[in-house]
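Just so we're on the same page: letters track the sequence lines, and every chain starts at 1.
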Protein chains: 2
Amino acid sequence: MKVTNQNLQIDGIDKEILRALMEDARTPILEIARNVGISGAAIHQRLRKLEKSELISGSKFIINPKALGYTTMAFVGIYLDKAMSNPEAVKQLQKIPEVLECHYTTGNWSIFIKILCKDNEHLMHLLNKEIQSISGVSRTETFVSLQQQIDRQIKI
Amino acid sequence: MKVTNQNLQIDGIDKEILRALMEDARTPILEIARNVGISGAAIHQRLRKLEKSELISGSKFIINPKALGYTTMAFVGIYLDKAMSNPEAVKQLQKIPEVLECHYTTGNWSIFIKILCKDNEHLMHLLNKEIQSISGVSRTETFVSLQQQIDRQIKI
DNA sequence: GTTGAAACTTGTACGAG
DNA sequence: CTCGTACAAGTTTCAAC
């Protein structure tokens with residue numbers, strides 16, 4: 001079965017390859033080849049095709065933030081003064097390493113971010129000192145994640 | 001119960017290893033060794049130590065959802081009826097592949113999720129058909145991410 | 001902790017079906 | 001698109017420092 005998305009053609013074998021690598025980026029090509037039942041060279045060539053298309057945007061080691069003492073995740077909705085340009089605020093947020101995601105969203109807030117901190121004190125410092133001190137930020141609304149029950153990529 | 005290992009000792013070399021692998025999980029050990037200036041065997045041993053500690057929770061290929069036609073990311077705050085148990089709702093959300101993250105948060109909402117969809121029609125379907133039909137869900141509030149400007153892991 | 005070397009496994013290129 | 005082969009490169013183990 002072939003699925004066409006834009007100009008990209010991904011068949012079942014490509015999906016197998018991606019699924020294996022999405023789970024563990026260091027899975028050897030030859031191991032995938034054995035599981036799928038075609039030669040390593042074929043897998044290799046398909047991988048190159050997939051990389052050349054923009055389907056694969058990289059591979060990453062995932063570190064466990066808890067092991068580093070980062071136990072508190074929170075989402076913060078940020079209100080900006082009308083005069084304040086969004087890109088300028090993002091530039092400032094970029095400098096705060098605890099900011100993991102930053103979105104320009106519809107709705108109440110100008111900016112919506114995900115942050116990771118060590119404890120409540122750390123969270124308070126981030127909110128009151130780091131984020132509130134960015135010029136243009138007028139107000140924030142914070143939601144602490146008590147537990148993350150799902151964390152995954154889109155299914156292929 | 002396992003206690004998070006706070007007395008983990010990470011030196012500069014470990015950090016170099018992690019930084020290289022966080023950027024590209026397929027970076028060869030020997031390449032890291034050359035950059036750091038110690039032998040491949042030493043890097044290998046350190047990596048095993050890091051993997052045995054719970055600092056590394058895996059490695060993943062990152063696929064670009066846009067190449068699959070998923071262009072719209074949104075956050076949805078979900079209100080649950082008081083009678084509804086959170087775990088049951090999460091179980092239902094787990095079945096929806098477009099739900100990438102699910103958090104139990106403080107604040108207005110019982111559940112806060114991140115979803116990825118192909119277009120506005122798809123988004124509407126998810127909200128009105130998939131999510132609203134979960135028993136116990138009373139109301140939702142949606143924030144569409146028009147642009148994601150930051151996406152990264154915690155700095156080490 | 002680190003090392004180099006040995007033994008083994010993978011990655012990659014290429015010609016051919 | 002796939003394969004087999006062949007060589008380069010990376011991984012893993014281990015005795016020894």
Check your understanding: Salt bridge check: are A:K49 and A:E51 linked by an N-O gap of less than 4.0 Å?
Key -> no
Exercise for review: Looking at every strand, decide which applies to A:I13 at a 4.0 Å heavy-atom threshold: base, sugar-phosphate, or nothing.
Suggested key: sugar-phosphate
**Study point:** Distance-only polar pair, side chains of B:Q149 and A:N86, donor-acceptor under 3.5 Å
**Key:** yes
Practice item. Rounded to the nearest angstrom, tell me the gap between atom CD1 in B:I29 and atom P in C:dG4. Key: 16 Å
Check your understanding: Between D:dT11 and B:R48, is there an OP1 or OP2 to side-chain N/O distance shorter than 4.0 Å?
Key -> no
Practice item. Check every atom of D:dG10, D:dC1, C:dG11 against the side chain of B:P28 and return the nucleotide holding the closest atom. Key: D:dG10
Check your understanding: Taking CG from A:L50 and C1' from D:dC1, how many angstroms apart are they, rounded to a whole number?
Key -> 14 Å
Review point. In terms of side-chain heavy atoms of A:Q45, which of D:dC1, C:dT3, D:dT11 is nearest?
Key: D:dC1
Point to revise | side-chain hydrogen bond (donor to acceptor under 3.5 Å, both in side chains) evaluation trace for B:Q148 with A:Y104 | key: CA-CA 6 Å; B:Q148 177 164 6; A:Y104 182 23; over 6 Å; no
Check your understanding: Can you check the A:L21 CG to C:dG11 P distance for me, whole Å?
Key -> 10 Å
Check your understanding: Which whole-number value in Å describes the distance from B:K49 NZ to D:dT12 P?
Key -> 17 Å
Practice item. Just do the ring pair (Phe, Tyr, Trp, His ring centres under 6.0 Å) check on A:F112 and A:Y79 with the steps written out, would you? Key: CA-CA 9 Å; A:F112 186 67; A:Y79 293 89; over 10 Å; no
Review point. Using a heavy-atom distance cut-off of less than 4.0 Å, which residues of residues 55-64 of chain B contact DNA chain C?
Key: none
Practice item. Kindly indicate whether a cation-pi arrangement holds for A:K114 with A:F75, taking the cut-offs as under 6.0 Å to the six-membered ring centre and within 45° of the axis. Key: no
Practice item. Using a cut-off of strictly less than 4.0 Å, decide whether B:R26 has a side-chain nitrogen or oxygen near OP1 or OP2 of D:dG10. Key: no
Revision key, fill the gap. Expected list for residues 33-44 of chain B near DNA chain C, using heavy atoms below 4.0 Å, is B:I38, B:S39, B:A41, B:A42
Exercise for review: Can you tell me the distance, in whole Å, between the CD atom of A:E31 and the P atom of C:dT9?
Suggested key: 13 Å
**Study point:** B:V76 side chain reached by B:I115 side chain, heavy atoms, under 4.5 Å
**Key:** yes
Check your understanding: Rounded to whole angstroms, how far apart are CG on A:D14 and P on D:dC1?
Key -> 9 Å
Practice item. Please check if any side-chain donor atom of B:E141 sits under 3.5 Å from a side-chain acceptor atom of B:N108, or the reverse. Key: no
Check your understanding: Under a single-linkage definition using a 4.5 Å side-chain heavy-atom cutoff for Ile, Leu, Val, Met, Phe, Trp and Tyr, are B:L93 and B:W109 assigned to the same hydrophobic cluster?
Key -> no
Study note, to complete from the structure: Which of C:dG11, C:dT2, D:dT2 is nearest the side chain of A:L30? It is C:dG11
Check your understanding: Are B:L47 and B:L30 co-members of a hydrophobic cluster defined by side-chain heavy atoms under 4.5 Å apart?
Key -> no
